[in-house]
Amino acid sequence: MGKRHWILLGAIVAVIIIAAVLWLFPKERWGTVFSLLLVFGGLVALLLRSLYAKEVERRIIFLFILVAVAAPILFPITFTEKPTAVVQAVFDKIENLPSGSTVLLSFDFDPAMAPEVQPMANAISRHCLEKGHKVIFMSLWATGQALLSQSLSDYILLGFPDKVDGVDYVNIGYKAGNEGVLNVIVSNFEKMFPTDVNSVPLKDIRIFDDIASAKDVDFIMSIGGGMPGPKEWVLFVGDPGDVDVGVGVAAVVAPQMYPYYPAQVIGILGGVKGAAEYEYALKDAYPVFADMDTPGLRMMGPQTLAHIVILSFIVIGNIIYFRGRRERKQ
Amino acid sequence: MFKRRIPLFILAFVGTLLIVSVFIPPMENLGEDFTLFFDIIAVFAFFLGGGNLVRIHFGKLRRRKKDWGFSIVTLVAFFFMLTIGLLKVSSVGGVWNIPLLGIGDPAAIAASPTTEGSWFQETFNYVINPLQSTMYALLAFFVASASYRAFRAKNREATLLLLAAFIILLGRTPFGMELTRWVPESFSVLQIPNMAIWIMNSPNLAGQRAILIGIGLGVVSMSLRLILGIERSYLGEDRG
Amino acid sequence: MKKSTLIVMAVVVVLFLLSWVLKASALQPEQGSYILRGFLVTFAAFLTLAVMSFLYQDNPFYKFAEHLFVGVSAAFWMCMGFWTTIVQNLIPRLSTSLADYFMVPQRPEGLNLFFYTPVILGILLLMRLSPRGGWISRWPLAFIVGTTAGLNFIRYLRSDFIKQISSTFVPLLGTQWEGIGPFLSNLDLSASGQLVLLLSNWVVFLGVFTGLIYFFFSKEHKGAFGVGSRVGIWILMITFGASFGYTVMGRISLLVGRITFLFGTWLELI
Amino acid sequence: MTSKLFLALLLLPFSGLAQDDPAGVDMLDTAVVVVAPPTSVIAVDHKYDKGERIDLTWVPSIDDQLVEGKVLAYRIYRIVNDGGPQLVADVATGVGPYQYADEDLHRDSIYSYYVAAVSSNYEAASTRTAPMSPQREWMNLDRKWLFLIALIVGGSVLLFITAARRGTKLFVRKIAGLEAVDEAVGRATEMGRPILFVPGIRDMDDVQTLAALTILGRVSRVIADYDTRIFMPTSRSLVMTAGRETVKAAYQAAGRPDKYSDDMVTYYTDEQFGYVAAVDGVMVREKPATVFLLGAFFAESLILAETGNYIGAIQIGGTARPAQLPFFIAACDFTLIGEELFAASAYLSGEPMQLGSLKGQDVGKAIAMIAIIVGAVAITIGEAWDVEFMHDIVTWLSGVFSTR
């Protein structure tokens, strides 16, 4: 058969598939089904092409992953989650603290990590405020303060119109010095943060009435993934000050946090999956949050498809590799 | 003397003081003060970074080096951001505030630089944010390409690594759950998501801990060498 | 300039303007400064796509984005450092009039002239910019290195060495024996699954121990020690596999974040 | 009744109201809820601080122990230097342990305390504690074990460095990856293709870069002998200078300094991705037979290793950054894992400082291994057969290896 025949055959098969989908599925599922067909059909085509022609251009692979991620964003697939023990531990900690406790949330990340950890930061902030805890927001990254201000005004506080700045929450922002900042606040807040971001002296802020240092805080949650970040909180505040620390981390560093669990950190939220689990637990426990935006859960659709594509890539790549090796041996 | 002895002395003094202050309670305050000094000098390091940038790009511009046109982009962007940041330029609903130039509300000088409506914050939202996050998003493409072309089960070690990665990648998605839903509840550890959890909690924890202990000891011995002046590579000198 | 370059440039400019107009008109009913908003969103989308164009090949749009980023972010850190640390932590300790000018509260303990030290050291650090006085920047550098070394020495020893050891004290036999049947049939991750729990403890204990053997350089890896280091490397490989999986997961999330921006904030498809 | 209780709770922070203002009492409830005072109030100096804190403990009021909700809170009063009592704090009842830490005190003042149990409209004060001043301690004895361990680990590093300087031979085991280095260079020679050496993207102040340069020394000696071409693109100008020195010295040692040229080691740009693009370009153009990726790598590790794989080169990777190691292991033929990079460097250079540190750290690891075995065995025996003595060992060991 010539090349033209193949194209003709392909076109016929495509028409049949399209017709079948249109007939079998309801209208709102068409997008999802087609995008799945596109991705999996593409994978089969890639396998065949790799087996016969070997060379596949890098840019085709790039295009592939773009489609695999973009399609489920346009046509969402949603799943339910079950919080794992490491995530549940953080949720329970915040849940079981008596209302009115002080929680410190540190936004130690930059835009590069934000898609992964911003959802958890938002969910945990909401949880604390809903539970009636007093929240101290801060950041060890300059870019973190900018993200913090943005998410406070655009997302977090929108659901809590009657929370008062300085009484229910306070934003003390960023200070330069990485672990140096932590080394001071573990014994003295005021020395490092004389004011909050709006230049209100700390002594005029009600939350700090009985909080002199990070040791007096009931729970610390560091959300980040770089240096300085969760690890520094454990080393410079959690361990020396004997404070409970929980961490929300970008997936890249999540495995490195496990040696600290559960003695030095009480729980770990790892990557977007951790965020999704937390969001799910939050929605489950609080009907108020039923309509809450859940970026973490939303991201699990594209995430799943992309994982499958990457796994298929590794399998296909290794098939080619072992075939090549066998041929070379012969 | 000034080039070598004094830096070595400063290093030894500060390092020793910070270590000792952990064990001697009355010295805690001193330790805090020195840490504050460090934090303030860290800001001067940012200034140094900015200064270096300006110097390098002016140099490129003067010598008309390759791609010198882009140096103009960097310089303009730098000075623009610096101006709006240091002057705290903001405009909310058409009202301008530049407190340092006496325009608008003078109390705005106390406002946070990242407050809503400040140009500094807007530039962050619409320039830094997309640029930085996209730079890292590129890596998704490279991961995909590498998984197709480079990650091979070449030997026993690489095979083991890829197998573990497989379980984690599947286990961290709902798809992994669907694959092994048929496994009875009493053998639930064999369900892929639970296997992923077990890998994280047991072998991963053990391996990471071994690495952690190794690196921790490395940091400790490095710090000690620095404080005692044995390690001088930071001075740009030969070691030993 | 080549003709194709000009065409590409023109297309980009046209698309940019088009997006600006459309975006501005879409935002008009809601926001006051819709023209500026429209421009900003379009510009952010342009920058996103400019960086992504690197995947095709290195090109002027990517270089523009990269250089823009370098300039803006350097200034960003400088400004943040100035306002948060210099203004709030340094100035009130050195001058009351400046503190009043910047409207920051004065220190309860008054001025502290001791704090001229970091200023002097900071200025010495900036001497690095001059071609001749560069050597004096070694002083502040020594201060920075000394502080880091002093802080790290104890903290790493405590959290990454000492505490890790005591966290590895795990029981290697079960506490209550309930018979072989329940022991083998309940493979659960929770506390009731005794076999799994026991297995986990053994893996943690042996994993840490053999991992340390692998990184032990004073003894040849032969005999029992060699076996230990073999087991160690296997555990390490599983560890790296886990890291690998998590890294892939993380990278994908970042891409999802960017594409969500393009489809949501910019194109408003979702 | 509950609503009144609630009101009373609300008013609680406005201390004194219930007592001083009879009208207020009337409004709330006419029946006075009498409670017994707390007993055994003890004030002790907080150990190992700079003299600014006193810890209070007390036995709760008998009414609090019997009836839940009768005692609403405990009020802490402080008397400074025979002055009047000041209210310091309200401690909620029913949640935590019955204790309070009074901070920010002065060493030259004398303090005395009493604690009052508070019901909805009654306050029952305890007896006062004996007057005292907070004490300052010069040594934090809680941290004596930390001090000792720091001393042992630090001391052994120093000891071995000194020993190595005196010329004592220190044994370091063979590193498997190092043999691969010679092989890989040999292969490039056979194929008549160049070698690419990438020293990471950090500057000379990173130990990993230094280790990479030590290995470069070994690689370039072999190269100079075989007369193979080498390319070394760097992203820091200092690294370029150091790299040139290293390669030049190797060529001189091999007796052919004329073969060396500065073009072998070049600087591209400090920008991470700009550098990656440049190195990728070199790889695709020159098609090296062997690629060394040694040093501090970040996200670019993946891109470089992938391109190297694509051109079919033998790759030897090595970094101490745990996040990047997986990619090297999966994509390279040999990888120096973490500390192996430093060990390789120490092994090759024989430098006293590197060798000594390595040995000193080994002492630390030996301590860790022994402690882990003892601890695990003790806890196992203790839990399985409930041996008191073993429990004691575990408690003691955990105390030694604690984060305090």
Side-chain angles (χ1 to χ4, degrees), chain A residues 54-58 61-62 96-101 112-113 186-191 203 206 209-213 215-216 218 225-227 231 234-243 245 249-260 263-265 310 313-314 317-318 320-321 324 328, chain D residues 9-10 12-13 46 48-50 52-53 73 76 87-96 100-105 140 142-143 146 202 272-273 280 283-284 296 298-299 301-303 306-307 309-312 320-327 330-331 333 338 368 372 375 398 401-404:
Chain A
K54 287 199 173 151
E55 257 335 270
V56 173
E57 245 255 274
R58 187 152 143 176
I61 306 282
F62 289 163
N96 294 337
L97 278 176
S99 175
S101 306
M113 273 179 274
V186 71
S187 48
N188 195 335
F189 258 121
E190 207 271 340
K191 206 166 186 173
K203 62 177 187 307
R206 283 261 293 280
D209 281 354
D210 44 0
I211 303 285
S213 71
K215 279 182 214 157
D216 303 328
D218 297 299
M227 147 87 210
K231 183 186 168 97
V234 175
L235 263 61
F236 288 85
V237 178
D239 282 352
D242 201 17
V243 198
V245 175
V249 285
V252 181
V253 288
Q256 293 162 37
M257 293 310 295
Y258 274 79
Y260 300 119
Q264 291 155 285
V265 300
I310 298 255
F313 280 172
I314 297 180
N318 276 290
I320 308 168
Y321 172 71
R328 249 176 281 142
Chain D
L9 256 175
L10 268 182
L12 206 68
H46 186 72
Y48 311 130
D49 66 348
K50 52 197 178 200
E52 42 153 36
R53 177 169 162 182
I76 319 285
L87 175 69
V88 191
D90 280 319
V91 178
T93 175
V95 272
Y100 179 76
D102 196 19
E103 293 186 66
D104 291 327
L105 307 177
N140 187 339
D142 268 350
R143 293 182 173 156
L146 180 65
R202 280 289 197 86
Q272 187 183 14
F273 283 98
D280 263 8
M283 279 197 198
V284 175
F298 293 77
S301 67
L302 173 75
I303 310 174
E306 193 239 345
T307 316
N309 216 292
Y310 174 62
I311 57 166
R321 294 187 48 81
Q324 306 306 332
L325 272 170
F327 296 121
D333 299 80
I372 286 171
S398 303
F401 294 101
S402 78
T403 51
R404 249 216 287 253

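Below, chain A is the first sequence line, B the second, and so on; all start at residue 1.
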(request) With a 4.5 angstrom heavy-atom cut-off, could you sort out which part of A:Asp242 is near chain D: side chain, backbone, both or neither? (result) neither
(message) Once rounded to the nearest 0.5 Å, what's the spacing between atom OG of A:Ser187 and atom CD of D:Glu103?
(response) 10.5 Å
(message) Can you confirm whether D:Thr307 sits close enough to A:Arg58 that some side-chain heavy atom of one is under 4.5 Å from a side-chain heavy atom of the other?
(response) yes
(message) Can you tell whether the side chains of D:Asp49 and A:Lys215 come within less than 4.0 Å, N to carboxylate O?
(response) no
(request) Verify side-chain contact (heavy atoms from CB on, under 4.5 Å) between D:Gln324 and A:Val252, making sure each step is shown before the conclusion. (result) CA-CA 9 Å; D:Gln324 306 306 332; A:Val252 181; 5.7 Å; no
(request) With a 4.5 angstrom heavy-atom cut-off, could you sort out which part of A:Asp216 is near chain D: side chain, backbone, both or neither? (result) side chain
(request) Considering non-hydrogen atoms only, spot the tightest contact between A:Gln256 and D:Pro322 and give its length. (result) NE2-CB, 4.0 Å
